[in-house]
Amino acid sequence: MAEIVTGAMGTLLPKLANLIKGEYNLQKRLRGEIMFLESELKSMEAALIKVSEAPIDQPPDIQVKLWTREVRELSYDLEDSIDRFMVRIDGGKQPSKQLSFKGFIDRSLTLLTKGKIRHNIGIDIKDIRRRIKDVSERRDRYKVDQVPSKPVSRTIDNLRLSALYRKATELVGTEERSNYLVKRLMEGDQTSKQQVIVSIVGFGGLGKTTLANVVYEKLKGQFDCYAFVSVSHNPNMNKIFKNMLHQLEEDKYKNVNEVTWGEDQLIKELRKHLQHKRYFIVIDDIWDTSVWETIQYALIENDCGSRIITTTRILDVAKQVGGIYQLQPLCPTDSTKLFYQRIFGSEDKCPDNYLTEVSRKILKKCGGVPLAIITIASMLANKSGKENTQNFWSNVCQSMGSGVDDSSNVNNMRRILSVSYYDLPPHLRTCLLYFCLYPEDYEIRAKDLIWKWVGEGFVHREQGKSLYEVGEGYIDELVNKSMIQPAYNGHGSMTISCRVHDMVLDLLNFLSNEENFITTLGCQQPMYLPNKIRRLSLQTSKEEDIKQLATMGLSHVRSLTVFNGTLSLLPFLSTFQVLRALDLSGCQKVDNENSKDIWKLFHLRYLNLHGTSITDIPEDIVNLQFLTVVDVSGCEIIELPSSFLGLKHLQHLHVNRISLPRGFGNMNSLRELDIAATSPTMLQDLGKLTELSSLSISFHKKQDMEIPILQCISNLVNLKSLEIRDTISRLDYGCDNLCPGPQQLCSKNVKAARGICAVPRWVSSLCSLSSLCITLLTLTEQNLQVLGSIPALSHLSVVVKATHGSDERLVIGSGYPFRCLTTLRIVWVNGFMDVSFAPASLQNLKALHLELSPERDPFDDFDFGLEHLSSLEHVFVTLNNSTASDSEKMSEAEAAIRNALDMNPNKPVVIIMKDNELAVLVERAALQFIQGLGVSSTN
């Protein structure tokens with residue numbers, strides 16, 4: 001269960017059950033106490049979940065809020081107590097030799113110590129029982145179970161109505177977008193009578209409803225009948241269908257609300273009415289694919305040239321509807337126009353140069369989201385006549401995103417965004433709140449975030465998946481629900497890094513502050529320090545703030561993340577008694593001397609020391625028996641101690657060029673590893689990690705590595721992701737088959753400084769390989785044959801160092817099936833494109849990214865056969881030029897590419913970049929665009 005909902009219940013209850021087991025030798029009476037606690041806490045957990053379902057418009061009574069907070073704090077305290085007990089019972093150093101006198105003394109002292117520990121846990125549990133009894137009595141007294149369990153949407157519906165009926169002067173930025181959608185909907189209207197659907201998808205507050213309504217008003221007069229209906233979060237399908245009928249023909253269905261038709265009968269009536277009519281219908285705010293499936297039954301396909309628009313925040317819904325239009329934020333110019341128009345009544349009027357500068361900062365935080373711009377502008381407009389306007393604007397700018405502003409405008413914005421938040425299952429709400437750890441606009445590595453979730457117990461096991469794979473699914477779902485934004489995608493649309501919009505961060509900080517989920521020091525918000533800090537994010541640059549840590553109670557902190565690399569706070573680490581996650585990455589003042597307390601943090605699950613000044617890891621690291629994740633890359637450490645092999649729970653290890661102790665092949669718990677191989681012996685150990693699912697490897701010395709790496713890979717039968725970096729140049733060496741081989745491999749990234757001579761034949765036997773990124777010296781017939789034979793390959797990126805030297809282009813045709821390929825990226829580094837596409841080739845290809853150099857073109861024409869790619873939806877082309885004299889050839893290449901795509905029957909969306917410098921700036925955005933598969937934009 002989600003921590004924000006149920007405190008630590010999700011991890012606490014299994015621990016209570018584990019304590020009852022005989023191995024802990026607890027007294028019978030104490031086991032009875034624990035069974036009582038387990039039963040009582042399960043009941044409280046159910047009540048907490050019910051409280052969590054209360055709508056934001058109808059918050060629970062203040063007494064209920066106090067009760068839920070107390071239960072959550074109680075669960076934290078009990079888990080801390082149990083963890084301390086388990087660490088002291090299970091952890092510690094191994095006793096001396098069993099037959100020695102010293103061994104006898106050690107065993108005797110251990111028994112006495114463990115007896116005292118069991119006595120102390122008994123005292124703690126009795127105290128918790130007393131507190132639970134008090135809390136239970138309050139639960140009965142204030143009737144916690146009677147809080148409302150279904151959200152209401154009156155405020156949200158009122159705000160939606162305001163979006164529908166905005167003044168034309170307020171619709172900044174919609175004209176170009178609406179014209180694009182009109183063209184897309186009506187293109188070919190005279191020649192094709194097929195039904196056309198456009199699904200507008202995007203973040204809450206982007207203006208999806210407003211845009212759909214503008215298009216609706218422009219086009220509805222061209223149709224026999226039309227309707228605009230809103231579905232919303234909890235749809236009443238009968239009411240929606242009746243509303244649709246009434247709008248389609250008001251006279252005939254003026255009394256439709258009085259009839260008692262069921263859903264099936266209403267669908268039949270709609271189909272009958274629309275059977276021979278050319279209709280235009282907007283279905284606004286769809287939240288669930290099953291709702292669209294039901295509505296779709298009523299929207300008969302009648303070959304009359306009907307049109308449908310849907311809007312949704314959820315990408316999966318848009319994909320099912322089809323015709324995706326990804327609504328992008330407003331450009332800076334339109335953002336400024338909307339902002340000034342709302343405040344001053346004119347889009348170009350700002351009376352103060354200082355306010356102009358503050359406006360720029362505010363608009364940057366708004367991120368082009370109309371809802372955010374209008375919200376903040378409305379707040380400023382109401383105060384614009386007051387004295388000290390400059391100070392007020394500055395204060396508003398500083399408080400944005402902090403969750404502390406309680407004005408009505410900001411609260412209305414939070415209500416709109418909160419609908420998406422409360423639509424999430426409880427465990428995803430917790431994971432989303434964890435984004436409060438990070439500063440505004442921070443680009444968060446998905447891998448780090450997922451492992452922190454794992455370390456804190458937020459990720460729940462699913463059959464057949466590792467915890468990390470489950471966490472990847474959490475990221476995908478948050479992206480799908482438009483709650484977070486991918487900052488950079490890998491191949492296969494895997495999110496490598498992400499960020500959260502400032503207005504979503506404002507909502508998350510608001511919720512976090514209410515529930516004491518995360519405490520932030522810094523980030524320009526008012527200092528709020530609760531009595532018990534559970535998670536601490538240090539974003540301050542002030543030494544006085546850090547000194548204040550010495551006066552704070554830190555014994556309950558579970559997570560500590562530091563974002564200022566110049567701070568030295570480690571003198572205080574000894575006070576973090578139950579710390580589970582420690583992230584000191586980039587803290588250069590952390591060195592061997594002031595890091596000694598780290599090796600006493602026995603509860604640590606996640607430890608990130610990347611980029612610190614630590615040069616030595618002591619043998620004492622074995623004390624951290626619960627470590628799941630260790631990142632010591634980017635340090636000046638030469639090797640890890642032999643005691644490192646004693647970390648039996650370690651799953652993810654990132655060491656880069658640090659030597660591992662001999663025998664690390666026995667660390668069977670490892671699932672992810674990022675290392676530099678220094679010797680064939682090291683590869684032999686690596687080959688023993690048969691449970692490894694992800695491997696990223698480089699080679700400190702190239703000699704004699706190619707054959708051992710093949711032998712190593714052949715043993716890693718559970719490997720799903722493989723990245724080979726740096727200097728290796730060959731992977732074949734006549735080894736066409738790997739036995740048994742990594743048959744589960746689904747992602748492979750092979751980089752090389754010079755490029756690989758040939759794609760090894762054994763790659764085509766990898767039946768699960770769906771994503772491949774590879775650097776080749778040349779693209780040959782053999783390479784194409786192997787790549788095209790990979791049965792499940794759907795995402796391919798090829799960097800080609802040079803042309804193959806032939807006078808004729810290679811032709812990708814039926815000889816290279818590429819049956820599943822949907823995304824293709826080809827980069828020619830030292831030459832122009834020397835392949836072309838034959839008719840009926842790559843029939844499933846939807847997204848194509850080409851990076852070309854026209855000035856090095858060895859051919860006389862630019863005929864690549866792009867018109868033959870019949871499923872193509874999106875094309876991004878980078879034309880690199882090195883001199884001004886190449887401009888004519890650049891223009892010729894662009895014209896040829898556009899002409900070919902104009903002949904393409906699928907009419908793909910095309911973006912062509914001609915300036916290499918600009919192309920570098922947009923590279924990440926371009927890759928994300930291409931890998932979105934079906935996501936379009938006019939921006």
Side-chain angles (χ1 to χ4, degrees), residues 2-5 7 48 51-62 64-66 68-69 72-73 151-153 155-156 159 203-205 313 362 365-367 369 371-376 378-379 395-424 426 428-442 444 478 481-485 499-530 533-537 539 559:
E3 182 139 352
I4 190 63
V5 176
L48 284 171
V51 170
S52 76
E53 295 174 348
I56 197 169
D57 280 344
Q58 295 182 2
D61 180 87
I62 185 63
V64 175
K65 282 182 135 184
L66 291 173
T68 58
R69 192 170 300 165
R72 279 192 282 264
E73 293 298 318
V152 296
S153 56
T155 302
I156 308 303
L159 293 168
F203 173 76
R313 302 185 190 190
I362 290 174
K365 291 189 175 186
C366 289
V369 176
L371 172 66
I373 295 169
I374 292 171
T375 297
I376 302 303
S378 298
M379 186 192 315
N395 290 336
V396 168
C397 181
Q398 291 176 5
S399 67
M400 287 177 67
S402 65
V404 298
D405 193 299
D406 62 352
S407 68
S408 60
N409 290 300
V410 172
N411 282 330
N412 282 339
M413 181 177 65
R414 287 178 186 148
R415 288 187 183 99
I416 291 177
L417 298 177
S418 70
V419 177
S420 292
Y421 174 79
Y422 286 109
D423 183 57
L424 298 172
L428 284 185
R429 294 186 212 170
T430 305
C431 292
L432 183 59
L433 280 175
Y434 214 72
F435 280 82
C436 294
L437 270 181
Y438 300 91
E440 291 179 0
D441 303 319
Y442 194 86
I444 305 162
L478 290 172
K481 300 275 188 176
S482 300
M483 295 306 293
I484 65 175
Q485 304 164 333
R499 59 168 56 94
V500 61
H501 190 279
D502 284 354
M503 296 302 101
V504 175
L505 185 60
D506 174 84
L507 171 67
L508 299 180
N509 277 322
F510 173 78
L511 295 169
S512 176
N513 291 340
E514 286 240 312
E515 303 298 340
N516 188 24
F517 186 74
I518 287 174
T519 301
T520 300
L521 207 60
C523 76
Q524 295 181 317
Q525 70 183 72
M527 186 74 69
Y528 169 68
L529 299 176
I533 298 174
R534 301 295 179 184
R535 293 169 191 86
L536 183 59
S537 174
Q539 303 173 20
S559 171

Report yes or no: does [X] contribute a side-chain atom to a donor-acceptor pair with the main-chain N or O of [Y] at less than 3.5 Å?
X      : Y      : result
Ser537 : Thr520 : no
Arg535 : Phe517 : yes
Asp506 : Asp502 : no
Gln539 : Glu440 : no

Can you see which heavy atom on [X] is nearest to which on [Y], and at what distance?
X      : Y      : answer
Leu437 : Ser559 : CD1-OG, 4.2 Å
Gly367 : His501 : CA-NE2, 3.8 Å
Leu428 : Leu478 : O-CD2, 4.3 Å

Does any non-hydrogen side-chain atom of [Y] lie less than 4.5 Å from one of [X]?
X      : Y      : result
Leu508 : Tyr421 : yes
Leu511 : Leu433 : yes
Ile518 : Asn513 : no
Phe203 : Val504 : yes

Tyr438: which residues meet the ring-ring contact (aromatic ring centres under 6.0 Å, His included) condition with it, sequence neighbours left out? Tyr442, Phe563
Please round to the nearest 0.5 Å and tell me the distance separating atom [atom1] of [X] and atom [atom2] of [Y].
X      : Y      : atom1 : atom2 : value
Arg429 : Leu424 : CZ    : CG    : 7.0 Å
Ile484 : Leu505 : CD1   : CG    : 13.0 Å
Ile444 : Gln485 : CD1   : CD    : 10.5 Å
Arg534 : Thr519 : CZ    : OG1   : 10.0 Å

Of all residues at least two apart in sequence or in a different chain, which pass the salt bridge (charged side-chain N to carboxylate O under 4.0 Å, His left out) check with Arg499?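 Salt bridge (charged side-chain N to carboxylate O under 4.0 Å, His left out) check on Arg499 returns Glu443.
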Residues two or more places apart in sequence or in another chain: which of them pass side chain to side chain contact (heavy atoms under 4.5 Å, CB included) with Cys366?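 For Cys366, the residues satisfying side chain to side chain contact (heavy atoms under 4.5 Å, CB included) (neighbours in sequence not counted) are Ile362, Ala372, Ile373, Ile376, Met400.
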Going through the distances and angles, do Arg313 and Lys481 end up as a side-chain contact (heavy atoms from CB on, under 4.5 Å)? CA-CA 6 Å; Arg313 302 185 190 190; Lys481 300 275 188 176; over 6 Å; no
Go through the structure and list residues passing side-chain hydrogen bond (donor to acceptor under 3.5 Å, both in side chains) with Ser482, not counting sequence neighbours.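 In terms of side-chain hydrogen bond (donor to acceptor under 3.5 Å, both in side chains), with neighbours along the sequence ignored, Ser482 is linked to no residue.
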